[in-house]
Amino acid sequence: MKKYFLLLVFLFSAKVISAQLTARDSALMPHMENGDSLPVHNVAEEMPAPAYSVNDFLKENIKYPKDAKKARSQGVTYIHFVVEEDGNITHTSVIKSSGHQSLDDEALRVVAMMPPWKPGTISGKPVRVEVVQPVRFTLNRN
């Protein structure tokens, strides 16, 4: 009876560990983005990085939409995009809205025009990596 109990505990433990490893491994596995043939990674050994200050780029290029300014709308739009193997930004989309459509549209416009980033790498080879960039909209207190 004791043997069966130990065997049961062992099998249950093995099943739990297997499930945990599968969940962890699936989080690290690449997925396909919009029907592309190359996988998109959400983690890389060396993550993509801009060769410039993203905050400065956003400040210089964002044009606060007139309707949002008139409505005194503020907020943060979270933009998802893919840094391609050559560093270019593709597949931009809003994953969390600021609550104002014109702010979201402006965030998409500016992120899509960012200069290329240094691509992410795995085993020294460039890979496609997904990134989320918050874009904050705040009005001056005048």
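Small disclaimer: the values here were computed from a predicted structure and weren't measured. These numbers come from the heavy atoms of this one structure, side chains and all, not from hydrogens, waters or symmetry mates.
Considering all non-hydrogen atoms of both residues, Ile95 and His80 come closest at CG2-CB, 3.4 Å. In this structure, Ile89 and Pro115 approach most closely via the heavy-atom pair CG1-O, 4.5 Å. Residues Pro119 and Val83 come closest through the heavy atom pair CA-CG1, 4.2 Å.
Under the side chain to side chain contact (heavy atoms under 4.5 Å, CB included) criterion, Ile79 pairs with Thr77, Phe81, Thr92, Val94, Ala107, Leu108, Val111, Val135, not counting sequence neighbours.
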Checklist line | From CA spacing to verdict: side chain to side chain donor-acceptor pair (under 3.5 Å), His41, Glu130 | finding: CA-CA 6 Å; His41 301 265; Glu130 61 185 356; over 6 Å; no
Next item on the list: Kindly determine whether His100 and Phe137 satisfy side chain to side chain contact (heavy atoms under 4.5 Å, CB included), including the steps that lead there.
Entry: CA-CA 10 Å; His100 197 284; Phe137 292 92; over 6 Å; no
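Residue Arg136 qualifies as open at atom CZ: its count of foreign heavy atoms under 6.0 Å is 12 or below.
Taking hydrophobic clusters as Ile, Leu, Val, Met, Phe, Trp and Tyr residues chained together by side-chain heavy-atom distances below 4.5 Å, Met47 does not share a cluster with Val82. Val110 and Met114 fall within the same hydrophobic cluster, where Ile, Leu, Val, Met, Phe, Trp and Tyr residues are linked whenever their side-chain heavy atoms come under 4.5 Å apart, directly or through other members. Residues Val76 and Phe57 are members of separate hydrophobic clusters, defined by side-chain heavy-atom contacts under 4.5 angstrom among Ile, Leu, Val, Met, Phe, Trp and Tyr. Criterion: ILVMFWY side-chain heavy atoms under 4.5 Å apart, direct or through other members. Under it, Met113 and Leu58 are part of a common hydrophobic cluster.
Atom OG in Ser97 sits 9.5 Å away from atom CG in Asp105 (nearest 0.5 Å). Within the model, atoms CD of Glu106 and OG of Ser98 stand 11.0 Å from one another, a figure rounded to the nearest 0.5 Å. In this structure, Thr121 OG1 and Glu85 CD are separated by 11.5 Å, a value rounded to the nearest 0.5 Å. The CD atom of Gln74 sits 9.0 Å away from the CG atom of Leu103 when rounded to the nearest 0.5 Å.
Between the side chain of Asn88 and the backbone N or O of Glu84, no donor-acceptor pair lies under 3.5 Å. The main-chain N or O of Leu38 is found under 3.5 Å from a side-chain atom of Arg128 such that the two form a donor-acceptor pair. Between the side chain of Ser123 and the backbone N or O of Lys125 there is no donor-acceptor pair closer than 3.5 Å. Although no hydrogens or angles enter the test, the distance criterion places no donor-acceptor pair under 3.5 Å between the side chain of Tyr52 and the main chain of Trp117.
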Could you tabulate the donor-acceptor pairs under 3.5 Å formed by side-chain atoms of residues 62-71, not counting sequence neighbours?
from	atom 1	to	atom 2	distance (Å)
Tyr64	OH	Ser73	O	2.4
Asp67	OD1	Ser102	OG	2.9
Asp67	OD2	Ser102	OG	3.3

